[in-house]
Structures are given as C-alpha cells and as structure tokens.
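By convention in this document, chain letters (A, B, ...) are assigned in the order of the sequence lines, proteins followed by strands, and residues within each chain are numbered from 1.
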There are 2 protein chains.
Amino acid sequence: MLTIGDLSRKTGVKIPTIRYYEQMGLLDAAERSEGNQRRYAAPERERLSFIKHARELGLTIEAIRELIDLSAHPERPCEEADRIAAEQLTAVREKIEKLRRLEKELKRIATRCAGDQIKDCYVIRALAHHDMCESDH
Amino acid sequence: MLTIGDLSRKTGVKIPTIRYYEQMGLLDAAERSEGNQRRYAAPERERLSFIKHARELGLTIEAIRELIDLSAHPERPCEEADRIAAEQLTAVREKIEKLRRLEKELKRIATRCAGDQIKDCYVIRALAHHDMCESDH
DNA sequence: TCATTTTCTATAGTGACTAGAGATTGGCCA
DNA sequence: TGGCCAATCTCTAGTCACTATAGAAAATGA
C-alpha cells in the first residue's frame, strides 16, 4: 500500500491535488491506516494516472467525471466517450487558431518600436488603438 | 458624459468588468453624478479600450498595470514596453506549441475507437495509459 | 526516547471575472 | 408632479482547478 506521498511521487500529482480530486469525487474515498492516513493500491494509482493524463489533454474535471462514469458501465456503447474526445479536439483547435492570430499581432507589435521613448512607443500605441491591428479578434 | 452602460456598449466590456477594473486600479475611480452613478468621458473610454485590447492579447491584469504605469512616464525609454510585448509573444508561442501536441494526440484518440462498447473503447484506454501516447507532454 | 518528516483537516487565496440580492437613481410619459 | 421601469449602486458569493497556510496528529529513523 502506498501513502499519499508515495502516490504523489509515482504519478507526479501533488498531494493537495490528490486530496482535491477525492473531494471532487474523481477518486473514491481512500482506505485509511489505523492512524487515519490514506493508503492506496494499484487501481487507485491507475485511476489517478487516467485523471492526470486527461487533465493534461485539457479535459475539465466535469468531462473526466463523465468518462469515469462511462467506464463504470463497460457494456454501454462508446459513442459518448468518442463525443467527449471529439469535443476536446474542437476546443483545442479553436484555441490554437485564436493564439495564432494573437501571435501574428504581437510579433508585429513587439518588433516595430520606432521611437525610444514611451511617448512614441509602438507597443503602447498599438494596444491603445485596435484599428492598427491587421487581423480582427 | 457616458454612463457605465453607454461605456459598456461602446467598448464591448461588460458593466461588472468595468467596475472590476476600477477596483483593480486599471481605471481611475470614475467621476460621479449627483446620485452617485459613474460618468465617463473620452480619456476613460480610450483607457478601457487599451485594457480590453491588451486582455484579448493575453496580457494579465498585472502586465497591463505595468504598461499603464509606463505610459504615465512618457519620457522613459520604451525598452520596458518592448520587453512586456516580447514576453507575451514568447508565452503565446509556448501555448501554441503545447496545444499542437495535444491536438495531435486527441486526433489520434478521437478517431480510432475500434470496439463499440466502453470496455474496448480506445478513448478510455488511451487516457488510462500514457505510454500509448506518441509524443510526450 | 526524541526529533524530524509526513500526513491530517479546515480554511483562505489565486486570476479574472460573473451572478445575484436588495436598495437607489434616472429618464420618460401622462 | 407622480408613477413607473430600466439602469445603476454596493456587497457578497460563486466559478475553475488548484495552491498555500495553520495547527495538530501520526509515522519513521537514530
């Protein structure tokens, strides 16, 4: 059995975060030692790795909860799980698109400062006037 | 003079957000009508547009505060403003890079479900086992 | 046995808002 | 001038996914 510290080291999830996931219902309430400390075995470790991986992929706690509920019913069709993954993919693509536009504009702003005093600074002027932007956002 | 509602409509910044920016010190405390309602003129509107634009570009409230402080001292060199813009650019590029890796993996996960029941679902299995990932994150 | 480390609970803080309650003010129409 | 309703006011709490802190109890190693 692992202590919460062991589990934390093995999964790379911080201790308070593990307790937080338990509180949020992503992890079942852990078994306890005689002295009331949490003890974990392999299944909990796998579950936590699942959660960690999903979080890294940008899934919300809520989406992860859905997936966990799903996996508790292995006889159901997996369309739902596919849908959740597809939604994440769409969300990620939108974020990338938005950031690309920002990158373009920041690049323009950050490299074009003509004056050497704030009063002539291109950064300041560009931020003040949206109409200096080339793309819209 | 504009009411807070007028200002909100003209800038596209929601009313509670305007009050929040005032509280955070990004906007000076507004002039008030006899009945204690906020009244705004052109300079405040410009300032708010500046803030909005900067937020859209991903600058934090703190970074915006720095820029505002900077612009209050027009005689200073604009290196600082350049630095802030450059930092933002770096941050945005890192975010894009990270999201690209996630996109790649989600794409793989979301399109490869072989089974039609949860117990065979690729999504679930991929999330459980990081070592199924092609790139690292 | 003692000291150090780990863990426990509970609470508050983060950032950038958003939502709601309950009270006041402003503007318009008759 | 009165009445009405929308807009505004302040204040508090909620959001998300943690992170940090305090003070107490348990576990471990010398």
| request: Examine distances only and state if a side-chain atom of B:Arg47 and a backbone atom of B:Leu26 form a donor-acceptor pair shorter than 3.5 Å. | output: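 Yes.
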| task | Nearest 0.5 Å please: distance from the CZ atom of A:Arg32 over to the CZ atom of A:Arg38. | result |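 CZ of A:Arg38 is found 4.0 Å from CZ of A:Arg32.
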Just to confirm, is there a sub-4.0 Å distance from OP1 or OP2 of [N] to any side-chain nitrogen or oxygen of [X]?
X: B:Arg32; N: C:dG26; answer: no
X: B:Arg38; N: D:dT8; answer: no
X: A:Thr17; N: D:dA17; answer: no
X: A:Arg19; N: C:dT9; answer: no
X: B:Tyr21; N: C:dA16; answer: no
X: B:Ser33; N: C:dT25; answer: no

Is there side-chain contact between [X] and [Y], with at least one heavy-atom pair below 4.5 Å?
X: A:Arg55; Y: A:Ile61; answer: yes
X: B:Thr3; Y: B:Asp6; answer: yes
X: A:Thr11; Y: A:Arg45; answer: yes

Can you measure [X] atom [atom1] to [N] atom [atom2] for me and round it to whole angstrom units?
X: A:Glu34; N: C:dT6; atom1: CD; atom2: P; answer: 22 Å
X: A:Gln23; N: D:dC16; atom1: CD; atom2: C1'; answer: 13 Å
X: B:Glu22; N: C:dC17; atom1: CD; atom2: C1'; answer: 16 Å
X: B:Lys14; N: C:dA16; atom1: NZ; atom2: C1'; answer: 12 Å
X: B:Leu27; N: C:dC17; atom1: CG; atom2: P; answer: 12 Å
X: B:Ile4; N: D:dT10; atom1: CD1; atom2: C1'; answer: 12 Å
X: A:Ile18; N: C:dC8; atom1: CD1; atom2: C1'; answer: 14 Å
X: B:Leu7; N: D:dC9; atom1: CG; atom2: C1'; answer: 16 Å

| query | So which one's nearest nucleotide on DNA chain D is more toward 5', B:Ile15 or A:Arg39? | reply | B:Ile15
| field | Minimum-distance nucleotide to B:Gln37 side chain [options: C:dT6, D:dA17, C:dT25] | value | C:dT25
